[in-house]
Amino acid sequence: MQLALNQLPGHLAQGLRPLYTLHGDEPLQLQEAADAIRAAARAAGFTERSVFTVQGAHFDWSAVLAAGSALSLFADKQIIELRIPSGKPGGKEGAAALAQLAQQAAQAQEVLTLVHLPRLDAASKKTAWFTALDAHGIHIPIQPIEREQLPGWIAQRLQAQGQQVASGQAGQRSLAFFADQVEGNLLAAHQEIQKLGLLYPPGELTPEHIAQAVANVARYDVFKLSEAVLSGNLERTTRMLDGLQAEGVAEVLVHWTLAEDIRNLQRARAALDAGEPLPLVLRQLRIWGKKEQLFAQLLPRLRPARLAKLLLAAHQVDGIVKGLALPGWPAHGWQALHRLAFDMVQAVQSAR
């Protein structure tokens with residue numbers, strides 16, 4: 001059974017289940033969810049803890065299955081933690097063993113089993129072993145905190161330690177500044193919030209408090225750059241490009257990300273003009289999630305001529321990031337990427 005992360009505290013207050021699976025790539029939230037489950041287990045008398053890490057196809061599953069067996073009447077209750085960093089249990093034998101462990105765990109009242117997995121793709125969620133984990137226990141997907149959710153998340157964390165920003169626009173600007181400083185680095189955001197709790201007493205934090213205390217620890221994902229560009233957010237696009245350059249991300253990877261969006265927009269626009277339904281077009285192009293929503297908003301209004309110009313510009317920037325000089329373009333690769341992104345944002349804004 002799936003449980004949302006924000007439902008976990010209420011669930012644990014009502015009692016423990018014998019099997020939990022956490023899956024996702026956000027370290028802070030994974031750590032906090034696991035800590036909450038462990039704390040509830042300790043309070044319920046689970047005093048022993050064993051940890052196993054699955055490494056490779058030749059992992060010895062027999063030790064895990066033996067540890068997870070129901071204990072005798074006089075044995076201590078124990079927590080069995082199974083970490084699978086690759087997200088794959090390791091061939092048919094591992095898949096069968098994990099499914100067996102799930103079934104076994106559901107029947108062992110003196111053992112609590114906690115399985116740790118990275119973010120799973122759709123195919124992994126359809127496997128027999130994940131189906132068994134879902135059927136016999138609780139699985140909690142750990143979703144990343146998106147940029148638009150970050151100010152609210154920060155405000156909740158500040159409130160939990162007795163602090164808050166000013167009301168009205170001043171407070172919203174403070175939260176937006178804070179979010180810009182920590183975007184893509186939730187663990188560091190947590191640490192910056194704790195720092196504010198150490199530096200200042202409970203109560204209202206001024207914009208000056210936050211500006212002076214919060215360090216710039218943002219980490220940018222090149223694939224999130226697409227969302228910033230397709231949203232028409234020039235300020236965030238510029239900030240992300242500067243951040244990616246500072247982090248040493250390869251120019252060719254950034255160019256590929258921008259160029260692929262332009263190519264997909266042109267392909268989708270051509271398919272729409274040929275009479276194909278938009279949902280089918282986006283599915284064929286493997287456009288999912290938030291980007292699917294952005295494409296759906298833009299495509300009916302983007303003119304083919306504008307997309308053709310963007311595609312030509314992407315072709316020219318491809319040469320620049322590979323060392324070629326072109327008249328009318330900056331010689332420096334990152335400057336050319338900034339200009340290409342600017343042209344894309346302008347196209348998006350004009351299509352609104």
Side-chain angles (χ1 to χ4, degrees), residues 144 146-148 150 173 176-186 188-189 192 211 214-269 285-287 289-291 294-295 297-299 301-352:
E146 300 294 347
R147 171 60 182 79
E148 58 268 23
L150 199 49
R173 285 193 294 270
F177 169 80
F178 200 148
D180 289 343
Q181 297 294 94
V182 300
E183 180 181 357
N185 196 345
L186 205 62
E192 293 300 306
V214 176
N216 187 348
V217 290
R219 296 291 180 269
Y220 296 113
D221 179 347
V222 67
F223 299 107
K224 291 291 183 183
L225 176 64
S226 290
E227 295 180 6
V229 171
L230 295 172
S231 297
N233 190 331
L234 182 59
E235 181 181 353
R236 187 176 178 220
T237 297
T238 302
R239 186 169 63 249
M240 293 186 77
L241 284 169
D242 289 340
L244 290 167
Q245 180 181 3
E247 291 173 25
V249 176
E251 295 173 6
V252 290
L253 177 58
V254 176
H255 172 265
W256 179 88
T257 302
L258 297 174
E260 186 68 5
D261 281 340
I262 295 170
R263 285 191 289 266
N264 281 332
L265 284 168
Q266 189 178 55
R267 292 165 184 152
R269 179 71 226 199
L285 292 174
R286 303 180 67 82
I287 306 296
K290 184 173 182 179
K291 189 180 284 191
L294 293 170
F295 266 58
Q297 294 168 6
L298 289 173
L299 282 169
R301 300 182 181 91
L302 276 175
R303 292 181 289 109
R306 189 69 178 264
L307 289 171
K309 289 182 179 179
L310 287 175
L311 190 62
L312 175 60
H315 176 71
Q316 293 170 320
V317 176
D318 178 59
I320 294 171
V321 299
K322 293 175 181 176
L324 300 178
L326 289 175
W329 279 91
H332 191 276
W334 280 104
Q335 293 176 353
L337 289 169
H338 271 272
R339 179 168 154 184
L340 176 61
F342 176 77
D343 289 346
M344 292 176 68
V345 168
Q346 277 199 320
V348 168
Q349 291 175 345
S350 66
R352 287 178 172 174

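Everything numeric in this text was worked out from a predicted model, so none of it was measured. Below, all heavy atoms of this structure are taken into account, side chains as well, without hydrogens, waters or symmetry copies. In this chain, residues are counted from 1 in sequence order.
Under the rule for a side chain to side chain contact (heavy atoms under 4.5 Å, CB included), the partners of E146 that lie at least two apart in sequence or sit in another chain are P144, E148, Q149, K224, E227. Partners of T238 under the side chain to side chain contact (heavy atoms under 4.5 Å, CB included) rule, at least two apart in sequence or in another chain, are L234, D242, H338.
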Yes or no on side chain to side chain contact (heavy atoms under 4.5 Å, CB included) for L230 and K290, after CA distance, side-chain angles and deciding distance? CA-CA 10 Å; L230 295 172; K290 184 173 182 179; over 6 Å; no
Should V254 and W334 be marked as a side chain to side chain contact (heavy atoms under 4.5 Å, CB included) after you check the CA-CA gap, both sets of side-chain angles, and the distance that decides it? CA-CA 9 Å; V254 176; W334 280 104; 3.7 Å; yes
Would N233 and V345 count as a side chain to side chain contact (heavy atoms under 4.5 Å, CB included) here? Give the steps. CA-CA 7 Å; N233 190 331; V345 168; over 6 Å; no
Go through the steps for E251 and I320 under the test side chain to side chain contact (heavy atoms under 4.5 Å, CB included), then give the verdict. CA-CA 10 Å; E251 295 173 6; I320 294 171; over 6 Å; no
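With contacts defined as side-chain heavy-atom distances shorter than 4.5 Å, the pair Q297/L294 qualifies. Using a 4.5 Å heavy-atom threshold, the side chains of R236 and R147 count as touching. Residues K291 and F223 fail the side-chain proximity criterion, which asks for heavy atoms closer than 4.5 Å. By the 4.5 Å heavy-atom criterion applied to side chains, V229 and T257 are not counted as neighbours. Between L326 and V317, the closest side-chain pair of non-hydrogen atoms is not below 4.5 Å.
The two residues L302 and A347 come nearest to each other via the heavy atoms CD2-O, 3.7 Å. Nearest approach of L310 to I262, heavy atoms of both residues: O-CD1, 3.7 Å. For the residue pair L340 and W329, the shortest heavy atom distance occurs at N-CZ3, 4.4 Å. Of all non-hydrogen atoms in E247 and A218, the two that sit nearest each other are OE2-O, 3.7 Å. When all heavy atoms of R269 and P304 are compared, the pair lying nearest together is CG-CG, 4.1 Å. Between A228 and M240 the shortest heavy-atom distance is CB-SD, 3.8 Å.
A distance-only check finds no donor-acceptor pair linking the side chain of R339 to the backbone of P330 [under 3.5 Å]. With hydrogens and angles disregarded, no donor-acceptor distance shorter than 3.5 Å links the side chain of E183 to the backbone of Y220.
One distance of note links CG of L265 with CG of L298; it measures 6.5 Å at 0.5 Å rounding. With rounding to the nearest 0.5 angstrom, the CZ atom of R263 is 12.0 Å from the CG atom of L285. Of the inter-residue distances, the one linking D261 atom CG with M344 atom CE reads 5.0 Å to the nearest 0.5 angstrom. The distance from atom NE2 of H255 to atom CG of L337, rounded to the nearest 0.5 Å, is 7.0 Å.
No more than 12 heavy atoms of other residues, nucleotides or ligands shown are found within 6.0 angstrom of NZ on K322. Other residues, nucleotides and ligands place no more than 12 heavy atoms under 6.0 Å from the CZ atom of R303.
Using a 4.0 Å cut-off between charged nitrogen and carboxylate oxygen, D343 and K309 do not count as a salt-bridge pair.
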